[in-house]
Amino acid sequence: MPELPEIANRTREINNLLVGKQISTIDILQPKCLNMDPQVFQKSLVNATILGARYKGKWIFVETSQGWLLLNMGMGGEMILTTPDNLPEKHRLIFHFSDQTCLAVNFWWFGYAHSVAVNELDQHEMSAKLGPNALDLSLLEFQELLGNRKGALKSFLLNQSNIAGIGNAYIHDILFFAKLHPLRSIPSLSNEEISNLYHGIQKGLRMSLDKGGAFYELNLHGQKGGFLMEDLVIAYREDQPCPECGTPIIKIKTGSNSSFICPNCQPLI
DNA sequence: TATCTTGTTAATCG
DNA sequence: ACGATTAACAAGAT
């Protein structure tokens with residue numbers, strides 16, 4: 001569940017479906033996603049009761065009676081609430097609950113499940129340095145965030161220590177909504193462009209947030225998100241006409257990743 | 001076989 | 001100190 005819309009939905013589902021459940025055992029099929037020895041991980045969370053969840057950027061913070069379980073789904077994956085006799089084929093971790101249900105966690109590629117003691121959350125470096133949630137900023141705060149920054153716009157937005165929750169799937173449409181090229185330098189942005197970008201972030205993330213996240217991710221019931229391929233405006237639509245001007249959408253390299261842009265609506269300079 | 005990818009860190013260079 | 005670039009890491013699809 002890579003980006004903020006999916007993470008926010010999964011967090012809400014955890015609050016609705018998992019609160020009150022007690023972890024009885026944990027199966028660890030992929031020890032490398034942990035931040036400690038598997039036995040220590042198990043000991044830290046077995047018998048814990050789930051109290052609630054919140055998120056920051058792409059990290060889900062599950063609060064338990066014995067400390068925090070921090071989840072980052074990396075480049076994609078599922079968390080399915082099911083039973084041990086009905087497990088999905090692929091899974092890396094299984095949290096078994098005392099009510100005979102279980103949460104099966106799968107990472108398509110990389111992902112993290114970290115155990116952090118109650119009072120040591122600020123010592124978890126990967127989450128402690130995250131910037132503010134992309135949807136929790138005011139326009140003024142966003143303007144201040146961009147204040148003295150240099151460099152390219154896209155890499156700034158993808159850097160989670162600046163602003164948390166935007167990834168390389170939603171950013172294509174976000175930048176299109178704002179009519180900004182991904183390689184625009186931050187100091188070159190006018191106040192109006194910064195305002196357009198702020199509203200582009202809100203629009204780009206909220207559309208999917210309100211629909212339960214992207215179609216390529218599953219919720220805790222194993223159902224796909226309601227934000228569909230056709231809801232994407234220009235992302236992954238190479239060679240198709242721009243909905244604003246008809247110019248064919250192009251795919252370009254931006255550093256180590258790719259960007260889909262309308263070369264007419266999002267000029268560089 | 002080679003390349004791509006919804007993430008993040010570390011290393012390196014300027 | 002900061003920004004840009006690349007490689008690396010548990011995979012799977014094309």
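Just so we're on the same page: letters track the sequence lines, and every chain starts at 1.
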Nucleotide nearest A:K129 (side chain, heavy atoms from C-beta), chosen from B:dT9, C:dC9, B:dT8
B:dT9
Please check if the side chain of A:Q66 supplies one atom and the backbone of A:V46 the other of a donor-acceptor pair under 3.5 Å.
yes
A:R149 side chain near C:dC2 phosphate (N/O to OP1/OP2, under 4.0 Å)
no
Can you identify which nucleotide, out of B:dT6, B:dT8, C:dA11, has its nearest atom closest to the A:W108 side chain?
B:dT6
Nearest-Å distance for atom pair CG/C1', residues A:N35 and B:dT8
15 Å
Taking OP1 and OP2 of B:dT8, is either one under 4.0 Å from a side-chain nitrogen or oxygen of A:K58?
yes
When you get a sec, tell me which of B:dT6, B:dT5, B:dT8 is the closest nucleotide to the side chain of A:K253?
B:dT5
In the single-linkage hydrophobic clustering (I, L, V, M, F, W, Y; side-chain heavy atoms under 4.5 Å), do A:L51 and A:F61 co-cluster?
no
Residue-phosphate contact under 4.0 Å: A:S258 side-chain N/O, B:dT5 OP1/OP2:
yes
Provide, to the nearest angstrom, the distance between the CD atom belonging to A:E217 and the P atom belonging to B:dT5.
17 Å
Of the candidates B:dT8, B:dT5, B:dT6, the side chain of A:P2 sits closest to B:dT6
Classify the ring geometry of A:W59 against A:H114: parallel below 30°, tilted from 30° to 60°, perpendicular beyond 60°.
tilted
With rounding to the closest Å, how many angstrom separate the P atoms on C:dT6 and B:dT3?
15 Å
Less than 4.0 angstrom between a side-chain N/O of A:N168 and OP1 or OP2 of B:dG7, yes or no?
no
Atom-pair distance (CH2 on A:W59; P on B:dT8), nearest Å
8 Å
May I have the distance from A:E78 (atom CD) to C:dG12 (atom P), rounded to whole angstrom?
11 Å
Look at A:K150 and C:dG3 and indicate whether a side-chain polar atom (N or O) is within less than 4.0 Å of OP1 or OP2.
no
Tell me what A:K90 touches on the nucleic acid: a base, only sugar-phosphate, or nothing, going by heavy atoms under 4.0 Å.
sugar-phosphate
With stacking defined as ring centroids separated by under 5.5 Å and planes differing by under 30°, is A:Y216 stacked against B:dT6?
no
Answer with base, sugar-phosphate or nothing: what part of the nucleic acid does A:Y170 contact at a heavy-atom distance below 4.0 Å?
nothing
Give A:A152 one of three labels, base, sugar-phosphate or nothing, depending on what nucleic acid heavy atoms sit under 4.0 Å from its own.
sugar-phosphate
Among A:E78, A:E89, A:K90, exactly one meets side-chain hydrogen bond (donor to acceptor under 3.5 Å, both in side chains) together with A:N106. Which residue is that?
A:E78
Which of parallel (below 30°), tilted (30 to 60°) and perpendicular (above 60°) describes A:Y198 and A:F142?
tilted
Just verifying a value: how many Å separate A:I252 CD1 and A:I250 CD1, rounded to the nearest 0.5 Å?
5.5 Å
What is the distance, rounded to the nearest whole Å, between atom CE of A:M229 and atom P of B:dT5?
13 Å
Taking the nucleotide of DNA chain B with the closest heavy atom to each, which residue, A:Q160 or A:F260, is nearer the 5' end?
A:F260
Students often get this wrong, so: under 4.0 angstrom with heavy atoms, is A:N257 touching a base, only sugar-phosphate, or nothing?
nothing
If pairing means Watson-Crick or G-U wobble with both distances under 3.5 Å, then the partner of B:dT6 is none
For B:dT6, does either OP1 or OP2 sit under 4.0 Å from a side-chain N or O belonging to A:Y236?
yes
Write down the distance separating the P atoms in C:dA7 and B:dA2, rounded off to the nearest Å.
16 Å
Contact under 4.0 Å: A:K251 side-chain N or O vs B:dT5 OP1/OP2
yes
From the list B:dT9, B:dT8, C:dA11, which nucleotide is the closest neighbour of the side chain of A:R92?
C:dA11
